[in-house]
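In what follows, a structure is listed as structure tokens, so that the remarks can point back to it.
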Amino acid sequence: MSRISWNQYFMSQSHLLALRSTCTRLAVGATIVRDKRIIAGGYNGSIAGGVHCSDEGCYVIDNHCVRTIHAEMNALLQCAKFGVPTQGAEIYVTHFPCLQCCKALIQGGIKKVYYAVDYKNHPYAVELFKQANVSVEHVALDNSLDVEKNQEKHEFISSLLDKLAKTDIDEEVLQALYKKADLLFL
């Protein structure tokens with residue numbers, strides 16, 4: 001099997017970060033990269049030590065949850081906190097950045113934005129990215145990589161069970177093993 005591309009590698013990281021989100025409305029992850037190295041990651045959630053939406057619900061004002069900090073902002077703030085420059089870096093985000101994050105990314109010197117899912121793409125954000133010469137590219141997460149690996153595992157387990165079938169194993173036990181193997185890969 002061949003290695004995944006850099007874009008898939010970093011986008012996968014962002015999707016993994018999104019699993020840490022405490023937002024009940026939309027889980028977002030962001031990974032800042034410079035020279036093919038991850039320099040920061042973030043996900044949307046409450047301030048450190050604060051009340052989480054997943055625990056007490058969203059605090060919505062004008063149809064926006066004001067309790068959470070967006071993933072892109074958290075990644076930028078992580079760089080600021082630890083003195084890591086973002087000038088010329090790239091960011092991989094699970095969803096198209098909102099207008100406020102767009103402006104923060106531009107001010108932070110991010111030069112390329114990769115996103116996996118269109119999400120309320122604000123026309124002014126698109127315009128601002130163009131004005132600031134920030135390249136924006138859609139990179140969908142390639143789930144076929146998992147499918148290929150699962151297919152490979154399924155074939156391997158099936159071959160082992162076929163070899164086991166040639167022994168004097170009880171037929172009922174063998175059928176139960178085949179059934180259990182099939183359930184693993186649904």
Side-chain angles (χ1 to χ4, degrees), residues 3-87 89-122 125 129 134 136-150 153 184 186:
R3 296 188 324 169
I4 65 173
S5 69
W6 285 112
N7 280 349
Q8 287 301 309
Y9 173 74
F10 296 126
M11 192 58 75
S12 295
Q13 178 67 32
S14 293
H15 282 274
L16 185 62
L17 282 161
L19 295 175
R20 290 280 308 154
S21 172
T22 59
C23 178
T24 57
R25 300 174 84 196
L26 181 70
V28 179
T31 305
I32 300 178
V33 174
R34 190 177 49 244
D35 300 325
K36 302 287 186 246
R37 300 289 180 260
I38 296 171
I39 61 173
Y43 53 87
N44 56 333
S46 302
I47 61 168
V51 173
H52 297 289
C53 296
S54 56
D55 295 330
E56 295 194 15
C58 294
Y59 184 3
V60 179
I61 297 175
D62 296 330
N63 203 29
H64 293 284
C65 180
V66 296
R67 187 185 311 267
T68 60
I69 301 171
H70 290 186
E72 303 92 324
M73 202 68 76
N74 267 329
L76 285 170
L77 291 169
Q78 185 180 41
C79 287
K81 187 175 185 176
F82 295 107
V84 178
T86 55
Q87 185 65 39
E90 303 173 334
I91 191 166
Y92 289 79
V93 190
T94 57
H95 295 75
F96 190 88
C98 74
L99 183 56
Q100 297 307 316
C101 287
C102 159
K103 293 187 283 185
L105 293 171
I106 292 167
Q107 288 300 95
I110 299 295
K111 287 299 172 197
K112 187 148 191 176
V113 174
Y114 298 94
Y115 70 98
V117 178
D118 287 305
Y119 182 73
K120 299 180 181 181
N121 302 26
H122 197 287
F129 280 140
V134 173
V136 178
E137 184 177 330
H138 179 257
V139 177
L141 180 63
D142 184 359
N143 290 322
S144 70
L145 300 168
D146 289 338
V147 172
E148 289 173 17
K149 186 165 251 164
N150 278 343
K153 289 176 185 176
L184 288 173
L186 287 179

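- The nearest pair of heavy atoms linking Ala75 to Ala30 is CB-O, 4.3 Å.
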How far apart are the C-alpha atoms of Ser14 and Thr31, what are their side-chain angles, what is the distance that settles it, and do they pass the side-chain hydrogen bond (donor to acceptor under 3.5 Å, both in side chains) test? CA-CA 5 Å; Ser14 293; Thr31 305; 2.9 Å; yes

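- Between Arg34 and Gln87 there is no side-chain heavy-atom pair separated by less than 4.5 Å.
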Can you give me every donor-acceptor pair (side chain of residues 90-105, partner residue at least two apart or in another chain, under 3.5 Å) with its distance?
{"unit_1": "Tyr92", "atom_1": "OH", "unit_2": "Asn7", "atom_2": "OD1", "d": "2.7"}
{"unit_1": "Thr94", "atom_1": "OG1", "unit_2": "Gly29", "atom_2": "N", "d": "3.1"}

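- In terms of heavy atoms, Thr68 sits closest to Cys53 at CG2-SG, 3.7 Å.
- At a threshold of 4.5 Å between non-hydrogen side-chain atoms, the residues Leu76 and Ile32 count as touching.
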If you apply the rule side chain to side chain contact (heavy atoms under 4.5 Å, CB included), what do you find for Glu137 with Val113, and how did you get there? CA-CA 6 Å; Glu137 184 177 330; Val113 174; over 6 Å; no

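- Between Gln8 and Ser12 the shortest heavy-atom distance is O-OG, 2.7 Å.
- Distance check: Cys23 SG to His52 NE2 gives 12.0 Å after rounding to the nearest 0.5 Å.
- The backbone N or O of Asn44 lies less than 3.5 Å from no partner atom in the side chain of Asn74, so there is not a single donor-acceptor pair.
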Would you sort out whether Thr86 and Ile110 count as a side chain to side chain contact (heavy atoms under 4.5 Å, CB included), showing the intermediate values? CA-CA 6 Å; Thr86 55; Ile110 299 295; 4.2 Å; yes

Could you give me the CA-CA distance, side-chain angles and deciding distance for Val28 and Tyr43, then say whether side chain to side chain contact (heavy atoms under 4.5 Å, CB included) is met? CA-CA 6 Å; Val28 179; Tyr43 53 87; over 6 Å; no

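- A heavy-atom distance below 4.5 Å is found between the side chains of Phe82 and Gln78.
- Within a 6.0 Å sphere centred on CG of Asp55, heavy atoms belonging to other residues, nucleotides or ligands number more than 12.
- Nearest heavy atoms, Gly41 versus Leu17: CA-CD1, 3.7 Å.
- Between Met11 and His15 the shortest side-chain heavy-atom distance falls below 4.5 Å.
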What do the steps show when you test Ile69 against Ile47 for side chain to side chain contact (heavy atoms under 4.5 Å, CB included), and what is the final call? CA-CA 7 Å; Ile69 301 171; Ile47 61 168; 3.7 Å; yes

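- Contact check for Arg25 versus Cys65: side-chain heavy atoms found under the 4.5 Å cut-off.
- No more than 12 heavy-atom neighbours from other residues, nucleotides or ligands sit within 6.0 angstrom of CD on Gln107.
- Put simply, the side chain of Ser46 gets close to the backbone of Val51: a donor and an acceptor are under 3.5 Å apart.
- Contact of the Val60 side chain with the His64 side chain is not registered, since no non-hydrogen atoms from C-beta on lie closer than 4.5 Å.
- The shortest distance between side-chain heavy atoms of Lys36 and Phe10 falls below 4.5 Å.
- Put simply, CG on Leu26 and OG1 on Thr24 are 10.0 Å apart, with the number rounded to the nearest 0.5 Å.
- Here the side chains of Tyr115 and Asn121 are in contact, with some heavy-atom distance below 4.5 Å.
- In this structure, Gly45 and Thr22 approach most closely via the heavy-atom pair CA-OG1, 3.4 Å.
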